4 protein chains.
Amino acid sequence: MPATQRPRSGNRRDEAARQAVLHAADDLLIEHGFGALTVEAIARRAGVAKQTIYRWWPSKVEILLDTLIEDSDKRLPVPVEKPTAKSIRAYLHGFAEFLIQDPAGKVFLALLAEAQHSPATAESLHKRYLGPRRDRECDMLAGAVAGGTMPPGQDLDVTLDALVGPLIYRALTGRETPRCLIDKCVDDLLDLRPQSEC
Amino acid sequence: MPATQRPRSGNRRDEAARQAVLHAADDLLIEHGFGALTVEAIARRAGVAKQTIYRWWPSKVEILLDTLIEDSDKRLPVPVEKPTAKSIRAYLHGFAEFLIQDPAGKVFLALLAEAQHSPATAESLHKRYLGPRRDRECDMLAGAVAGGTMPPGQDLDVTLDALVGPLIYRALTGRETPRCLIDKCVDDLLDLRPQSEC
Amino acid sequence: MPATQRPRSGNRRDEAARQAVLHAADDLLIEHGFGALTVEAIARRAGVAKQTIYRWWPSKVEILLDTLIEDSDKRLPVPVEKPTAKSIRAYLHGFAEFLIQDPAGKVFLALLAEAQHSPATAESLHKRYLGPRRDRECDMLAGAVAGGTMPPGQDLDVTLDALVGPLIYRALTGRETPRCLIDKCVDDLLDLRPQSEC
Amino acid sequence: MPATQRPRSGNRRDEAARQAVLHAADDLLIEHGFGALTVEAIARRAGVAKQTIYRWWPSKVEILLDTLIEDSDKRLPVPVEKPTAKSIRAYLHGFAEFLIQDPAGKVFLALLAEAQHSPATAESLHKRYLGPRRDRECDMLAGAVAGGTMPPGQDLDVTLDALVGPLIYRALTGRETPRCLIDKCVDDLLDLRPQSEC
DNA sequence: TTGTAAGCGAGACGGTACGTCCGGTCTTCAT
DNA sequence: ATGAAGACCGGACGTACCGTCTCGCTTACAA
């Protein structure tokens, strides 16, 4: 695992070292929790010098943000193209599962937690993750309104908090989200038109 | 400020020292954030020896929990006695405000955050705060059902997550909760009977 | 060797830890040279936390000075009481041997060297070691003058440099000092009266 | 100062870079002491890549040795041609001044010091500087003996240590050498014949 | 005339040690 | 017995240099 035979890179940034750091951070968070996520431990695990980490990341939080951004778009894309009642509901179910099951979900929760302790983390998390993602989620709902799936006249941002807040709070308190919670929220708050199936 | 003239205590637990520690922890959290909340700093500020802290509290988290429990019942009691549509709605509005405005709200958010990093914190937080409080909130809704204010047949625990989750998520992300969000949730999810005013 | 069963000390300075540090520093200097004499290595070898070292010594130089002062008075006392031609000559022979053979001699040379690199070391070395020792050496010569062994009228400090300088320079350049060098200097520079023997 | 407009060199060793390194090392030693004399600092100051230094010098000590050898023959040549009592005495006075005043004298002291910490430095210093210079100094005294200025029958190497040791020790301990010290040593140890003047 | 080989500035890399900070345990002594 | 004081071991922090390496450029010599 310590990437013994990684070729030296010379003058340019060593992509292999970057990957090793991201994976080491991810793995340590999952295996031993945020408390064990020290820069020294990441360096040790990645087989990388501490300075190599400090050269490229201002803090361990930014490392986690990098992994989160890379992973979360892969595992849980926001269905912005022609969203339907079905795809929106599926997105929320996927979101609930992502938070509980996916390593990247754990990373997100850890970052959201750390943001409470450090304003710098809060700002990074918003600028680099929450903001852009929320924009796409708004686009999703706006697409649903435009397509006639959803009635207009709601503040989409607030609506999203109402939908997503419960999922996140359940995850933060270590409890799975039952499907009925999501369905209840979707049914009561979104008032989607053709939701016959699902 | 470091409680200079507190009289020495002798052989019973020193209540003044206990208060000094609780206030010091509270103040440090508010003034400098969770990052500055070290046991050494608390001891310094409270004018107390480190050992006095470790003798009575297993960790700084338990100190915060003590302050949270003491404060939150005072500032935000759960209206379990004959809850009405009005009092339930007021409770949720009060909760949103508590999270943003009240020092104890900050303590709660900090503990909820810390619980993500440490399973021991998570367990304490549930056993000593979240569990009991949630029980009383369930009683509140159960009282509303019994009084005919709310229709029966819902899982009250899940319903509470749907109501409270958005408020907490807004607070965690540093945004105030608009009244319309709460009202929308209450209206759509609770289906309360006599909600004429407000 | 790492002093495993040293009893914990509590409120007062731990004398065992102090000794362990001094010995570790001494040993490391002798065994691996000044280059290997890092604070981390001393701490490791002494079985002591780094902070314990920084608490009591401002730098590794002061550690060495402590060992030097303790040792050099034991191994090479200055014969201030009724010095004779014989005892003065013996002192210089002893000094030459001290520099080459004695661990404390190595410590002295290392400190004299380090003083070239750091003004702070130079000052400490003078104030705590060279100055006091030179005072006693002057007393020695002054006693010889008073006792009629040595003619008066010389600057004793300068004379001592002429006697001691060659020994130190030989030691610094890694060459033993032949007895004839010392005898030549003593005979030519000191002009001692009853030097029949030796 | 960092030699901005030095032309690139191409295929052969860049003499300008060599000079820049030597001067940078010299200047840093004088201005900020041996502690600040890191390879990185030299490279920075000389406007040269670290690798250029490592390509041509095995260590910073060899850089200093290069400057020392170049400078010390210029500033303080050994009077090997027909040495007289006057020229020998002048050489020793010049040596004392060289050690205190001349930048190259500081370099010498620094190297002599560093030699205590590192055997490799000691060896280089002897082979490249101390040995050859001592040979010429022996030649000087041998010339004096041959010319009748000095009586024969002494070990010249040992005599030189007796003459030079005090000067070096004074310099190492940061004290100027009074003229009387040198004169006393020359008079008492060398027994030069025609020393009427000076 | 054009490879090609070396020197060069630049700087990333794996390491080691720095000096500081805090955590949690322990002992001493005064109350 | 309690509590203030504070020494202790352990270990992470972020920084500075170490000595090695690769890159892309420039230049001089050889083919």
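By convention in this document, chain letters (A, B, ...) are assigned in the order of the sequence lines, proteins followed by strands, and residues within each chain are numbered from 1. Remember, it's a predicted structure, so these values are computed and weren't measured experimentally.
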Fill in: Within residues 52-70 of chain A, residues whose heavy atoms come under 4.0 Å of DNA chain F
Tyr54(A)
Worksheet entry | Length of the CZ-P vector between Arg44(C) and dC9(F), whole Å | 15 Å
Practice prompt. Spell out, as yes or no, whether a donor-acceptor pair under 3.5 Å connects the side chain of Thr67(A) to the backbone of Leu64(A).
Written response: yes
Worksheet item: So is Arg18(A) actually on top of Trp56(A)'s ring, under 6.0 Å and inside 45° of the axis?
Response: no
Item to complete: Using whole Å, report how far CZ of Arg13(D) lies from P of dA28(F).
Response: 17 Å
Worksheet item: Relative to each other, are the rings of Phe108(C) and Tyr129(C) parallel, tilted or perpendicular (30° and 60° limits)?
Response: tilted
Discussion item. With a 4.0 Å cut-off on N to O distance, would you call Arg128(C) and Asp66(C) a salt bridge?
Written reply: yes
Discussion item. Can you tell me whether the side chain of Gln51(D) and the base of dC21(F) have a donor-acceptor pair closer than 3.5 Å?
Written reply: yes
Worksheet, complete the sentence: The side-chain hydrogen bond (donor to acceptor under 3.5 Å, both in side chains) partner of Arg45(C) among Glu40(C), Glu31(C), His23(C) is Glu31(C)
Worksheet item: Distance-only, no hydrogens or angles: does the Gln19(C) side chain make a donor-acceptor pair with backbone N or O of Glu15(C) under 3.5 Å?
Response: no
Fill in: Distance-only donor-acceptor test, Lys50(B) side-chain atoms vs dG24(E) base atoms, 3.5 Å
yes
Worksheet item: Do any N or O atoms from the side chain of Lys60(B) and from the backbone of Thr38(B) form a donor-acceptor pair under 3.5 angstrom?
Response: no
Worksheet item: Ile42(C) has an atom CD1; how far is it from atom C1' of dC18(E), in whole Å?
Response: 13 Å
Worksheet item: Which whole-number value in Å describes the distance from Asp14(C) CG to dC8(F) C1'?
Response: 8 Å
Worksheet item: Residues two or more places apart in sequence or in another chain: which of them pass side-chain hydrogen bond (donor to acceptor under 3.5 Å, both in side chains) with Gln51(C)?
Response: none
Worksheet entry | Nucleic acid contacts of residues 34-41 of chain C, taken as heavy-atom distances under 4.0 Å to DNA chain E | Thr38(C), Val39(C), Glu40(C)
Response to the item:
Assert: residue with more 5' nearest nucleotide on DNA chain F, out of Ala49(B) and Arg18(C), is Ala49(B)
